[in-house]
2 protein chains.
Amino acid sequence: MEKENLKKYSNVEECPVRNVLDRIGDKWSLLILLILEEEKVLRFNELHNYIVSISQKMLSVTLKSLEADGLVKRTIYPQVPPKVEYELTERGSSLLPHIHSLVAWSKDNIGDIKQSRKDYELVSQK
Amino acid sequence: MEKENLKKYSNVEECPVRNVLDRIGDKWSLLILLILEEEKVLRFNELHNYIVSISQKMLSVTLKSLEADGLVKRTIYPQVPPKVEYELTERGSSLLPHIHSLVAWSKDNIGDIKQSRKDYELVSQK
DNA sequence: ACTATTACTAACTTCAAAGTAAGTATTTAA
DNA sequence: TTAAATACTTACTTTGAAGTTAGTAATAGT
């Protein structure tokens with residue numbers, strides 16, 4: 001990578017990584033992807049039962065943006081009361097190994113990182 | 001992964017991935033890590049020249065939290081005017097392959113994702 | 001005496017993500 | 001006729017990340 005390439009990353013809107021991180025870096029997307037990977041197909045309220053601390057609004061908003069990005073597929077059944085099912089798309093599934101790689105690194109390093117944070121606090125004596 | 005494990009992920013503070021994503025998911029950390037990987041050692045103003053759009057405050061804040069997490073090492077030379085050098089730590093370097101894996105996926109898929117977003121906008125006729 | 005240099009910090013403002021609370025549509029069942 | 005169920009939406013408020021602007025310390029050079 002030369003300076004030219006790095007310069008490109010400075011342009012936030014154009015950056016592919018920024019686009020993807022803005023998605024999975026939000027509060028709920030990653031969790032929803034991991035749950036759907038495990039459970040294959042879930043309805044709105046089933047997802048809500050998995051993530052009790054999310055509001056209906058945030059679940060709805062997050063699912064919509066995952067759907068918009070083609071990471072999650074939404075199937076609606078014309079019934080009353082309504083039935084809507086969510087599952088990963090192929091694109092969503094193809095992203096997950098990369099996430100698991102990050103998950104593994106995080107688990108391996110979170111202990112040391114938390115210790116570093118403590119040490120840093122002491123050194124910068126707040 | 002069983003339900004028990006997924007439940008754990010619902011607890012945001014405890015989640016190792018959340019801890020790491022909160023760091024690299026911010027606006028500037030990832031970019032700084034990538035630049036330091038390439039350039040090895042840089043001073044404050046040299047980094048600023050790479051990322052012209054960052055403010056001094058955000059560069060300072062971001063470097064501090066990367067340092068606190070032990071991903072970046074800060075070396076200060078007692079000179080006037082001051083000289084401070086930043087470089088990756090081993091921990092920082094060990095994170096980068098996982099980031100590159102995400103970068104690669106993002107580059108491969110950003111085209112399709114942007115198309116999906118357009119299609120989705122049309123279907124949801126705003 | 002004044003200016004330049006470097007690596008910041010402090011105080012304040014802005015803005016978008018996230019949260020809260022209430023409401024909606026539709027049909028079946030009691 | 002009223003309640004229950006599902007999958008939401010709407011309107012409003014809160015919060016925290018990020019941005020803006022100005023200032024600081026210390027010394028060397030003119």
Side-chain angles (χ1 to χ4, degrees), chain A residues 10-13 15 18-19 21-32 36 41-69 72-87 120 123-126, chain B residues 10-13 15 18-19 21-32 36 41-69 72-87 120 123-126:
Chain A
S10 313
N11 189 341
V12 166
E13 297 98 85
C15 172
R18 176 65 22 218
N19 267 272
L21 270 185
D22 281 349
R23 172 101 330 283
I24 68 162
D26 72 2
K27 191 162 178 188
W28 300 111
S29 291
L30 184 53
L31 184 54
I32 290 173
L36 285 180
V41 181
L42 287 176
R43 299 176 63 177
F44 188 88
N45 279 343
E46 289 173 335
L47 268 167
H48 201 205
N49 290 337
Y50 266 100
I51 320 172
V52 285
S53 49
I54 196 176
S55 67
Q56 286 184 318
K57 178 203 155 189
M58 284 312 296
L59 182 54
S60 173
V61 164
T62 308
L63 283 170
K64 264 192 210 315
S65 65
L66 288 172
E67 192 197 351
D69 283 10
V72 159
K73 181 184 160 200
R74 180 176 186 269
T75 312
I76 181 164
Y77 297 89
Q79 305 178 358
V80 171
K83 176 180 176 182
V84 180
E85 286 184 343
Y86 294 94
E87 62 194 307
Y120 186 83
V123 171
S124 62
Q125 60 259 3
K126 282 213 169 177
Chain B
S10 313
N11 190 340
V12 166
E13 297 97 84
C15 172
R18 175 65 25 218
N19 266 273
L21 269 186
D22 280 351
R23 172 102 330 284
I24 68 163
D26 72 2
K27 191 161 176 187
W28 300 110
S29 291
L30 184 54
L31 185 54
I32 289 172
L36 285 180
V41 180
L42 287 176
R43 298 178 64 178
F44 188 88
N45 279 342
E46 288 173 335
L47 267 167
H48 202 207
N49 289 337
Y50 266 100
I51 320 173
V52 284
S53 49
I54 197 175
S55 67
Q56 285 184 318
K57 178 204 156 190
M58 284 312 298
L59 182 55
S60 174
V61 164
T62 308
L63 284 170
K64 263 192 210 315
S65 64
L66 288 172
E67 192 197 353
D69 283 10
V72 160
K73 181 183 159 200
R74 179 175 186 270
T75 311
I76 181 162
Y77 297 88
Q79 304 179 358
V80 172
K83 175 180 176 182
V84 179
E85 286 183 342
Y86 295 93
E87 62 194 305
Y120 186 84
V123 171
S124 62
Q125 60 259 3
K126 283 216 168 176

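Keep in mind that this is a model prediction, so the values were computed, not measured. Computed from heavy atoms alone, side chains included, the values below leave out hydrogens, waters and symmetry copies.
Here the side chain of V84(B) is nearest to one of dA7(C), dC8(D), dT6(D), namely dA7(C). When each of dT6(D), dA7(C), dC8(C) is scored by its nearest atom to the side-chain atoms of R43(A), the top-ranked nucleotide is dT6(D).
Contact annotation: the side chain of W28(B) approaches that of S53(B) to within less than 4.5 Å [non-hydrogen atoms, C-beta and beyond]. Side-chain atoms of T75(A) and E87(A), non-hydrogen and from C-beta on, do get closer than 4.5 Å to each other. Considering only heavy atoms from C-beta on, L63(B) comes within 4.5 Å of F44(B) through its side chain. With a 4.5 Å cut-off on side-chain heavy atoms, R23(B) and L66(B) count as touching.
Summary of the strand contacts: Y86(B) and V80(B) both lie near DNA chain C, and taking for each the nucleotide with the nearest heavy atom, the more 5' one is attributed to V80(B). Sequence order on DNA chain D of the closest nucleotides to P81(B) and K83(A) puts K83(A) first from the 5' end.
Between the side chains of Y86(A) and E67(A), no donor-acceptor pair is found at a separation under 3.5 Å.
The separation between L47(B) atom CG and dT6(C) atom C1' is 14 Å, rounded to whole Å. We find that NZ of K64(B) is positioned 9 Å from C1' of dT9(C), with the value rounded to whole Å. In this structure, CG of N45(B) is placed 16 Å from P of dA4(C), rounded to the nearest angstrom. Between the CG atom of L59(B) and the C1' atom of dC8(C) there is a distance of 10 Å, rounded to whole Å. Atom CD1 in I32(B) sits about 14 Å away from atom P in dA7(C), given to the nearest Å. We find that CD of E85(A) is positioned 14 Å from P of dT6(D), with the value rounded to whole Å. Counting to the nearest Å, the P atom of dT28(C) and the CD atom of Q79(A) are 12 Å from each other. In this entry the distance linking CZ of R74(B) with P of dA7(C) reads 10 Å, nearest Å.
A donor-acceptor contact shorter than 3.5 Å links the side chain of N19(B) to the backbone of C15(B). Looking at S65(A), its side chain does come within 3.5 Å of a backbone N or O of T62(A) through a donor-acceptor pair.
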Close N/O contacts between protein and nucleotides 18-22 of chain C (under 3.5 Å):
unit_1	atom_1	unit_2	atom_2	d
dA18(C)	OP1	K27(A)	N	2.9
dG19(C)	OP1	K27(A)	NZ	2.4
dG19(C)	OP2	W28(A)	NE1	3.0
dG19(C)	N7	K57(A)	NZ	3.0
dG19(C)	O6	K57(A)	NZ	2.5

